[in-house]
Amino acid sequence: MAFDYPVILSKRGERFLASFPDFPGCYGEGSDRLDAMEDARMEGVNCILQELEEGNPLPPRSLLDELCLREGEEAVMLTLTLPREENWSWLG
C-alpha cells in the first residue's frame, strides 16, 4: 500500500527539515534535502502505521497549492509505501 502526502522542506541552520503538514509532529531531517526526505519517508510510514493500528482514519491529504509556505520553504509530494503484509485485514 502506498500513500502520497506533501512535505514542506526548509533549511534550519546547516540541516534540512521535511515536515508533514497533515501529520503534526511527524518530520524528517538530514544534512541535505535527500537525507531529510528519506528520513521523512520512514517517519511518515511510522505515523501512518500508528494511526491505522489505533483505528484512526488517515487525515485527508493536503494539496500542494493549498499550503501556506514561508520564505525559503518548498512543498513536494512524498510517496509513503507501507511494508508488505500478507494479511491487511486488521485495517478493517
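In this structure, the separation between CE on M42 and CE on M37 is 12.5 Å, given to the nearest 0.5 Å. Annotation: the span from E29 atom CD to S10 atom OG amounts to 10.5 Å, rounded to 0.5 Å. Residue E54 holds its CD atom at 11.0 Å from CG of L49, rounded to the nearest 0.5 Å. Between the CD atom of E73 and the NZ atom of K11 there is a distance of 14.5 Å, given to the nearest 0.5 Å. Atoms CE and CD1, on M1 and I48 in that order, are 9.5 Å from each other to the nearest 0.5 Å. Rounded to the nearest 0.5 Å, atoms CZ (F3) and SG (C47) are 13.0 Å apart.
In this structure, F20 and L78 have side chains that are in contact, with non-hydrogen atoms separated by less than 4.5 Å. Proximity of S19 to C26: side-chain heavy atoms (C-beta onward) are nowhere separated by under 4.5 Å. Using a 4.5 Å heavy-atom threshold, the side chains of L63 and P6 count as separate.
In plain terms, the two heavy atoms of T81 and A2 that are nearest each other are OG1-CB, 4.0 Å. Nearest approach of E51 to P57, heavy atoms of both residues: OE1-O, 4.3 Å. Nearest heavy-atom pair, G28 versus D39, reported as atom, atom and distance to 0.1 Å: CA-OD2, 3.2 Å. Taking all atoms of both residues into account, the shortest heavy-atom contact from P21 to V7 is CD-CA, 4.3 Å.
At distances below 3.5 Å, at least one donor-acceptor pair connects side-chain atoms of R41 with backbone N or O atoms of T79. Using a distance-only test at 3.5 Å, with no hydrogens or angles considered, a donor-acceptor pair links the side chain of D22 to the main chain of S62.
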| request: Decide yes or no on side chain to side chain contact (heavy atoms under 4.5 Å, CB included) for V76 and L9, but give the supporting numbers first. | output: CA-CA 8 Å; V76 297; L9 288 165; 4.1 Å; yes

| field | Steps toward side chain to side chain contact (heavy atoms under 4.5 Å, CB included) verdict (L80, L82) | value | CA-CA 6 Å; L80 307 172; L82 300 186; 5.7 Å; no

| field | D35 vs F16, side chain to side chain contact (heavy atoms under 4.5 Å, CB included): CA-CA, chis, key distance, verdict | value | CA-CA 8 Å; D35 285 344; F16 286 82; over 6 Å; no

| said: Please evaluate residues S31 and E14 with respect to the criterion side chain to side chain contact (heavy atoms under 4.5 Å, CB included), reporting the C-alpha separation (whole Å), side-chain torsions for both, the decisive distance (0.1 Å), and the verdict. | reply: CA-CA 7 Å; S31 58; E14 297 299 314; over 6 Å; no

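For Y5, the OH atom counts as densely surrounded, since its 6.0 Å shell holds more than 12 non-hydrogen atoms of other residues, nucleotides or ligands.
In summary, R33 and E74 engage in a salt bridge, as defined by a charged side-chain N under 4.0 Å from a carboxylate O.
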